[in-house]
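Order of the sequence lines sets the chain letters (A, B, ...), proteins ahead of strands, with each chain counted from 1.
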Amino acid sequence: MTVASWNINSVRFRLDIVERFLREHAPDVLCLQETKVIDNDFPHAAFEALGYTYRLLNGQKMHHGVAMLSKLPLIEDRRYDWQDNGEARHIGARLPNGLLVENVYVPAGGDIPDTAKNPKFAQKLAFLERMTRWSANLREPTLIVGDFNIAPLESDVWSHKALLDVVSHTPIEVEHLARLAAAHDWVDLGRRFVPAPQRLYTWWSYRAADWKASDRGRRLDHIWASPAIADKATRFEIVEDARNWGKPSDHIPQLVELAL
DNA sequence: ATGACGCTCAAAGAGCGA
């Protein structure tokens, strides 16, 4: 089975490229972040037509929002609000084979990497801390995917030096992400298949004149597996070409195949 | 150092992304 993840930056505005991705890659499950739509306005019909019969939504007006679209039944759905502020950032479900899939959109954290000056940065770290406590108690094989908004390794960014003080690659965020990983011994499947320091990015800013030429990318999106199932992963793929599709998202989709 | 872009909506520019 394959599970994909994509920060789509408005599912309605980019419905055509989501459909293209599903036709060309046909994952069993697609986890979307930044759907930017309330549940009542979610474009169900397009996904129903492509066989994604099972849909789990956690949307809100204007910002954030996550969704899972699946060919397989989604059972035991759950949602988490790690900030306790009503933001729609995390849903999960169990698949018929027992696997838990969690889909998360970690807060970006604002501009200034200082918790005293920037409440959003403090919220981002608190979000990760709550996820860490949850991870520590997790006993079942789980795949967690999404936009973590942190590029942890030096080779996860176009310039480690230039981004050391830029939110997404600061040492304190990297430490928080490492503690989250350690709490469940999460296995970073992206780096298992594409070991550092090989180039592996999932996001390029809209603000570059030519994203490909400047290639100032960051690996903000991740797929992690419980240690018990990490060895079941047989394939990992990013679809970098999608950064050029139509009106593109600034993130690209990634997929993992599991022999479960 | 700055600003570059793009999406949403109380509909023009503010708020947000990262």
Next item on the list: List the atom of A:V167, the atom of A:D111, and the distance in Å for their closest heavy-atom pair.
Entry: CG2-O, 3.5 Å

Margin query: What is the distance, to the nearest angstrom, from the CG atom on A:D165 to the P atom on B:dT2?
Written below: 14 Å

Checklist line | Separation of atom CZ in A:R89 from atom P in B:dC16, rounded to whole Å | finding: 11 Å

Check: What does A:N7 touch in the nucleic acid at a heavy-atom separation under 4.0 angstrom: a base, only the sugar-phosphate, or nothing?
Finding: sugar-phosphate

Check: Rounded to the nearest Å, what distance is computed from the CG atom of residue A:L15 to the C1' atom of nucleotide B:dT8?
Finding: 17 Å

Notebook entry, point to check: Looking across every strand, which nucleic acid part, if any, lies under 4.0 Å from A:R216 by heavy atom: base, sugar-phosphate, or nothing?
Noted result: nothing

Checklist line | Atom-pair distance (CZ on A:F121; P on B:dC16), nearest Å | finding: 17 Å

Checklist line | Any side-chain donor near an acceptor of the partner, A:S249 and A:R14, under 3.5 Å | finding: no

Margin query: So if I take every side-chain heavy atom of A:H64 and compare against B:dG17, B:dT8, B:dC7, which nucleotide ends up nearest?
Written below: B:dG17

Check: Taking CH2 from A:W211 and C1' from B:dA18, how many angstroms apart are they, rounded to a whole number?
Finding: 17 Å

Check: What nucleic acid atoms does A:F148 come within less than 4.0 Å of, heavy atoms only: base, sugar-phosphate, or nothing?
Finding: nothing

Next item on the list: Would you kindly give the CZ-to-C1' distance between A:F13 and B:dC5, to the nearest whole Å?
Entry: 12 Å

Check: Hey, does A:D41 reach any base, or is it just sugar-phosphate, or nothing, if we go heavy atoms under 4.0 Å?
Finding: nothing

Check: Going by the angle between their ring planes, with limits at 30° and 60°, are A:H90 and A:W82 parallel, tilted or perpendicular?
Finding: tilted

Notebook entry, point to check: Between B:dC16 atom P and A:N118 atom CG, what is the distance in whole Å?
Noted result: 11 Å

Next item on the list: Measure from the side-chain heavy atoms of A:R12 and tell me the nearest of B:dC5, B:dT8, B:dC7.
Entry: B:dT8

Item checked: Phosphate OP1/OP2 of B:dA18 contacted by A:H169 side-chain N/O (<4.0 Å) -> no

Check: Is the distance from OP1 or OP2 of B:dA18 to the nearest side-chain N or O of A:Y201 less than 4.0 Å?
Finding: no

Next item on the list: Quickly work out the A:Q33 CD to B:dG17 P distance and round it to whole Å.
Entry: 15 Å

Notebook entry, point to check: What nucleic acid atoms does A:D250 come within less than 4.0 Å of, heavy atoms only: base, sugar-phosphate, or nothing?
Noted result: nothing

Note to self: Classify A:K120 by what it touches in the nucleic acid, base, sugar-phosphate, or nothing, heavy-atom distance under 4.0 Å.
What the structure shows: sugar-phosphate

Checklist line | Salt bridge flag under 4.0 Å for residues A:R130 and A:D84 | finding: no

Next item on the list: Measure from the side chain of A:W203, starting at C-beta and using heavy atoms only, and say which of B:dG17, B:dC9, B:dA18 lies closest.
Entry: B:dA18

